[in-house]
Novice: 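Before I ask anything, here is the structure I am working with.
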2 protein chains.
Amino acid sequence: MPEVDQIVAARLRPLGQRLTPRRRSLLEILRSARHPLTIHEILERGRGLAMSSVYRNLTVLEQAGLVHRVITREDFARYELAEELTEHHHHLICSGCGLVRDMPTDVRVERVMRSVMAGMPADVFTPQSHRIDVMGMCPDCVQRRERATQAKGGG
Amino acid sequence: MPEVDQIVAARLRPLGQRLTPRRRSLLEILRSARHPLTIHEILERGRGLAMSSVYRNLTVLEQAGLVHRVITREDFARYELAEELTEHHHHLICSGCGLVRDMPTDVRVERVMRSVMAGMPADVFTPQSHRIDVMGMCPDCVQRRERATQAKGGG
DNA sequence: TTGACAATGAGAACGACTCTTATTACGATT
DNA sequence: AATCGTAATAAGAGTCGTTCTCATTGTCAA
């Protein structure tokens with residue numbers, strides 16, 4: 001995808017950074033993932049990457065606005081492509097297993113959030129962006145819980 | 001506030017936990033704070049608390065649904081009273097200094113979030129709650145940045 | 001008072017992440 | 001193509017928030 005390379009290199013250059021093979025493969029790994037990845041998942045998918053390089057390069061790519069560090073209740077971070085390279089979206093977070101899935105954008109939500117942010121007085125806060133997480137259970141964890149309840153109730 | 005004590009004890013009992021002096025003072029510290037507190041802020045305010053006890057008791061209180069662990073981009077957690085003891089609310093997070101402030105509930109936002117969550121198919125996700133953070137700049141950081149820009153442009 | 005068990009606190013252990021440093025790769029200049 | 005300056009890399013040590021361990025203390029019930 002040479003077009004993406006253009007965007008990426010253009011974002012890196014002002015920071016005095018290059019688009020190196022490591023960084024290219026990090027971006028490719030994140031692009032091919034269906035959900036935000038942990039460092040360990042990234043290491044699995046990119047054989048031969050040094051952990052310190054992965055951390056360093058993800059930091060660089062984040063500063064360039066190309067990668068977004070996703071914060072969850074897990075005690076480690078996850079990474080995904082920034083919205084400039086994908087689409088604005090939010091997250092579904094399973095409180096059972098910690099799974100993070102992308103949630104499709106909802107026009108009504110975005111409209112009302114835009115309105116709320118625009119209506120905020122500058123002497124209170126100057127909004128730039130927003131993040132929405134819906135917490136709940138993924139289908140697997142719902143099933144797991146149902147089975148556990150049945151086992152208890154039935155025995 | 002003996003009424004709160006009732007609620008608190010009732011939430012703790014099913015877990016086989018008591019409302020101890022430590023836990024009472026933790027709740028009081030959180031209640032008297034205007035924003036979610038870090039462990040260190042809690043230790044400052046509650047002289048004589050052991051750090052390990054603070055961590056342990058906050059975990060217990062969180063399991064009892066009385067305290068909420070707030071996740072930010074800072075690399076440490078913050079704690080606040082759970083919504084059962086306060087009000088449903090969201091957060092303004094300053095990307096300059098990390099300050100977290102409560103954002104008053106907006107009826108339109110809640111309505112549309114409720115609708116989105118209710119409309120989610122069960123084979124995709126079973127929503128339980130949501131979290132919204134508005135990222136941006138607090139007035140102090142806006143000023144700081146303006147001064148910095150002026151100094152550069154004017155000098 | 002005594003027994004059972006929860007609560008406490010000091011510090012060790014854990015793990016995610018960052019920093020240090022020596023080495024290697026790249027781009028521009030001759 | 002050789003050289004030089006700088007960015008990039010990787011291994012491992014270091015940092016620090018958080019959790020675990022365990023010996024001791026507090027609390028409730030009989």
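Each chain gets a letter, A, B and so on, in the order the sequences are listed, and its residues count up from 1.
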Novice: Within this structure, what is the CG-to-C1' distance between B/L43 and C/dG9, rounded to whole angstrom?
Specialist: 12 Å
Novice: Quick one: is D/dA8 close enough that its OP1 or OP2 comes under 4.0 Å of any side-chain N or O from A/Q17?
Specialist: yes
Novice: Any side-chain N or O of B/Y55 under 4.0 Å from OP1/OP2 of D/dT19?
Specialist: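 For D/dT19, neither OP1 nor OP2 has a side-chain N or O of B/Y55 closer than 4.0 Å.
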Novice: Roughly, in whole Å, what's the span from CE in A/M51 to P in D/dG14?
Specialist: 18 Å
Novice: Would you say that A/D102 contacts A/P36 through its side chain, given a criterion of any heavy-atom pair below 4.5 Å between the two side chains?
Specialist: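 SC-SC contact between A/D102 and A/P36 confirmed.
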Novice: Do B/Q143 and B/P139 come within less than 4.5 Å of each other through their side chains, counting heavy atoms only?
Specialist: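 Side-chain contact under 4.5 Å: no.
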Novice: Between A/L66 and A/L49, is there shared hydrophobic-cluster membership here, with clusters defined by ILVMFWY side-chain heavy atoms closer than 4.5 Å?
Specialist: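 Yes; tracing contacts between hydrophobic side chains, which count when under 4.5 Å, links both residues.
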Novice: What is the distance from CZ of B/F76 to C1' of D/dT15, rounded to the nearest Å?
Specialist: 15 Å
Novice: Rounded off to whole Å, could you give me the CZ-to-C1' distance for the A/R69 and C/dT18 pair?
Specialist: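 One finds 11 Å between C1' of C/dT18 and CZ of A/R69, rounded.
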Novice: Rounded to the nearest angstrom, tell me the gap between atom CG in A/L19 and atom P in D/dA7.
Specialist: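 The answer, rounded to whole Å, is 16 Å.
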Novice: Could you tell me the separation between the OH atom of B/Y79 and the C1' atom of D/dG17, rounded to a whole number of Å?
Specialist: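 Between C1' of D/dG17 and OH of B/Y79: 10 Å.
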Novice: Give a yes or no on whether the backbone of B/R78 and the side-chain of B/T38 come within a donor-acceptor separation of less than 3.5 Å.
Specialist: no
Novice: Counting just side-chain N and O atoms, does A/R23 come under 4.0 Å of either OP1 or OP2 of D/dA8?
Specialist: yes
Novice: Does OP1 or OP2 of D/dT18 have a side-chain N or O of B/R56 closer than 4.0 Å?
Specialist: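 The answer is no; no side-chain N or O of B/R56 sits under 4.0 Å from OP1 or OP2.
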Novice: Linking I/L/V/M/F/W/Y whenever any side-chain heavy atoms sit under 4.5 Å apart, do A/L61 and A/I39 land together?
Specialist: yes
Novice: If you go through the side-chain atoms of B/T20, does one of them form a donor-acceptor pair with the base of C/dA7 closer than 3.5 Å?
Specialist: no
Novice: Can you tell me the distance, in whole Å, between the CZ atom of A/R13 and the C1' atom of D/dT6?
Specialist: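 Atom CZ in A/R13 sits about 17 Å away from atom C1' in D/dT6.
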Novice: With a 4.0 Å limit, can you tell me whether B/N57 has a side-chain N or O closer than that to the phosphate oxygens OP1/OP2 of C/dA7?
Specialist: no
Novice: Please pick, from C/dG9, C/dC26, D/dG17, the nucleotide with the shortest atom-to-atom distance to any side-chain atom of A/R18.
Specialist: C/dC26
Novice: Looking only at the side chain of B/T59 (C-beta and beyond, no hydrogens), which of the listed nucleotides D/dG17, C/dA10, D/dT19 gets closest?
Specialist: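 Selected nucleotide: D/dT19.
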Novice: Does the side chain of B/R22 get closer than 4.0 angstrom to OP1 or OP2 of C/dG9 through an N or O atom?
Specialist: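 For C/dG9, OP1/OP2 do have a side-chain N/O of B/R22 under 4.0 Å.
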Novice: Assuming nearest nucleotide by heavy-atom distance, tell me which of B/G16 and B/S52 is located more 5' along DNA chain C.
Specialist: B/G16
Novice: Please report, rounded to the nearest Å, how far the P atom of D/dT18 is from the CD atom of A/E74.
Specialist: 16 Å
